[in-house]
Number of protein chains: 2
Amino acid sequence: MSNFPFQRLQVDLAALIARTPAGQRLPSEPELAKQLGVSRATLREAMRAFETQGLIRRRQGSGTFVVGKMRGLLDNGLEVLESLETMAKRLGLEVSVSDLSVESLPADDDAATALGVPSGTPLTRVRRVVRADGRPVAYLVDILPEAILHVEDLPVDFHGSVLDFLLDRGDPLRTSRANVSAIGGTAEVAKALEIQRGDVLLHFYSQLFDEENRIVDYSLSYFIPGYFHFHIMRRVGA
Amino acid sequence: MSNFPFQRLQVDLAALIARTPAGQRLPSEPELAKQLGVSRATLREAMRAFETQGLIRRRQGSGTFVVGKMRGLLDNGLEVLESLETMAKRLGLEVSVSDLSVESLPADDDAATALGVPSGTPLTRVRRVVRADGRPVAYLVDILPEAILHVEDLPVDFHGSVLDFLLDRGDPLRTSRANVSAIGGTAEVAKALEIQRGDVLLHFYSQLFDEENRIVDYSLSYFIPGYFHFHIMRRVGA
DNA sequence: AAACTAGAAGTTGTCAGACAACTACGCCAA
DNA sequence: TTGGCGTAGTTGTCTGACAACTTCTAGTTT
């Protein structure tokens, strides 16, 4: 549908790669270009993008090969930011949200530095507990300027994911930087997750950036180990 | 030095992007191609690769812009696999290794499934404690088939990093899949790290793959929170 | 003077065709 | 059987061109 060959091409190529068994060779570039209705130069740019992502491998004189079943891995991985709700839905899991709290408050020093705004700036804070099988598995806190998300912007059926809301609204989000660590639950978190204070938790502290590299949101996530399996694909450093 | 335009180009372009302030425009494609001594088509392939990595952004009719100070972030991040020793060196930190233990043992069920080999296969296990300021900060265990790394392959001055050794040897390593979680220290780990059993630890369980997607090594890493700051750059899911 | 419009210049997006470098495979000869 | 060689097929790179888009300027209109 798109009039932009490269974008359409990326979709088509991704589909082709996804349905091609690992290790198998793709059609030759001239042929693929003809099939997909683009020039070889454009096709090669797209292939270079996929090669950079490690999905295919090209060997001069031999051909282009799809590299592996990374697909399923990547999707569950941390390379792509998506809400827990979206992730759970994709994995066919049943999750529910409880203790949803949306409130406005002025920025304290921590929030001010994390968001790059002056102290006292009006903020919106969203907190929620995610449950699987009725048991708490994650406690999530999002904090962002009221200018970006006002309490009253939220629909009545808001299910808790700030990320999903911003995406639906069309905000130009780009990347998230997540700091990963392990901590013992504080009193507040322990209460929300129905665990003992000091129990082991996986902790993400992350900032969300828009396409101009401005900080849109920062969030604190606390996961009870064992329910979600987070993984990362890492490239070997040259 | 390289006779392969694309590889040389990637290095040159990376350098150019690195030393260009964030937000600034790069020279136009025809000019850059001339400067770097390649055709515009080849240049564009390289730029597409960098664009995929999120380092630059191109706008038709306007120009190509470097995107941000991601550079410093990425380097400390988890996208690229490198040994703790290499990381520390790059960051100018002083770390030492103690309790280095290298031994051979047959594969138990866990190791067999993790490495994709039959139970009983001869394995090599490398364990070590990494210290900063004399205090333990990480406990690392690498396990891999003896066929890939035999105890006697190791030099007398082996400093503990299996990854560095394999890389120096020229093994064709490609990616690592790291599962990240939080756990309480077991007796063995607690003893090595001089902490209480059950104390909070950040835990990586990772598999190392070669370019044919074969499992080369799997490792267990335990980090005392606060010393290393691991972070991940995530793209917002479409 | 201010605001709007048309155009020109510059930039990225895409295309077509060609040749070079390399690989895989089969054929032929020893 | 084995070794070498040539040929077809594939990716790597280059050249030149045109289309689509953005930005800025200069002129025109209000």
Side-chain angles (χ1 to χ4, degrees), chain A residues 1-14 16-17 20-68 172 174 211-212 238, chain B residues 1-14 16-17 20-68 172 174 211-212 238:
Chain A
M1 207 46 87
S2 175
N3 265 333
F4 306 101
F6 183 81
Q7 293 177 23
R8 179 169 42 87
L9 181 55
Q10 265 200 330
V11 174
D12 293 346
L13 242 190
L16 174 60
I17 292 174
T20 301
Q24 192 162 325
R25 217 192 65 184
L26 292 178
S28 74
E29 292 181 357
E31 171 143 355
L32 257 186
K34 200 177 65 177
Q35 281 183 24
L36 301 176
V38 297
S39 74
R40 207 184 137 211
T42 303
L43 173 69
R44 279 184 62 80
E45 278 196 45
M47 295 191 114
R48 182 69 76 182
F50 284 105
E51 188 184 29
T52 298
Q53 295 171 51
L55 293 174
I56 59 175
R57 183 164 169 204
R58 304 194 282 183
R59 286 200 305 227
Q60 180 174 167
S62 177
T64 301
F65 303 82
V66 326
V67 112
R174 224 177 54 90
E211 59 184 8
E212 306 298 339
Chain B
M1 203 52 84
S2 174
N3 265 334
F4 306 100
F6 184 82
Q7 294 179 22
R8 179 169 41 86
L9 181 56
Q10 265 201 329
V11 174
D12 294 346
L13 241 191
L16 174 61
I17 293 173
T20 301
Q24 192 161 323
R25 216 193 65 186
L26 292 179
S28 75
E29 292 181 357
E31 170 141 357
L32 257 186
K34 201 176 63 177
Q35 280 183 25
L36 300 177
V38 297
S39 75
R40 205 183 141 216
T42 303
L43 173 69
R44 278 183 62 81
E45 278 197 44
M47 294 190 115
R48 183 69 77 182
F50 283 105
E51 188 184 30
T52 299
Q53 296 170 49
L55 294 174
I56 58 175
R57 186 170 166 196
R58 303 193 281 183
R59 287 200 303 228
Q60 181 175 165
S62 179
T64 301
F65 303 83
V66 325
V67 112
R174 224 177 55 90
E211 59 184 8
E212 305 300 338

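All chains are named by letter (A, B, ...) in the order of the sequence lines, taking the proteins before the strands, and each is independently numbered beginning at 1. What's counted below: heavy atoms across the whole structure, side chains too, no hydrogens, waters or symmetry copies.
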In this structure, how many angstroms lie between the [atom2] atom of [N] and the [atom1] atom of [X], rounded?
X: B/Glu31; N: C/dG10; atom1: CD; atom2: C1'; value: 12 Å
X: A/Arg25; N: D/dT11; atom1: CZ; atom2: P; value: 7 Å
X: B/Lys34; N: C/dG10; atom1: NZ; atom2: P; value: 13 Å

- Counterpart residues, salt bridge (charged side-chain N to carboxylate O under 4.0 Å, His left out), relative to B/Arg58 (two or more places apart): A/Glu45, B/Glu29, B/Glu51

With respect to the phosphate group of [N], does any side-chain polar atom (N or O) of [X] fall under 4.0 Å of OP1 or OP2?
X: B/Arg44; N: C/dG13; result: yes
X: A/Arg40; N: C/dG17; result: no
X: B/Ser62; N: D/dT22; result: no

- Item | Beyond-backbone contact of B/Met47 with B/Leu32, side-chain heavy atoms, under 4.5 angstrom | yes

Nearest listed nucleotide, side chain of [X], among [options]:
X: B/Thr42; options: C/dA18, D/dT10, D/dC14; value: D/dC14
X: B/Val38; options: C/dC15, D/dC14, D/dT10; value: D/dC14
X: B/Ser39; options: C/dA24, C/dT12, D/dT15; value: D/dT15
X: A/Gln60; options: D/dT11, D/dT15, C/dT14; value: D/dT11

- Item | Axis deviation across the helix from C/dA1-D/dT30 to C/dA30-D/dT1, five-pair ends, to the nearest 10° | 10°

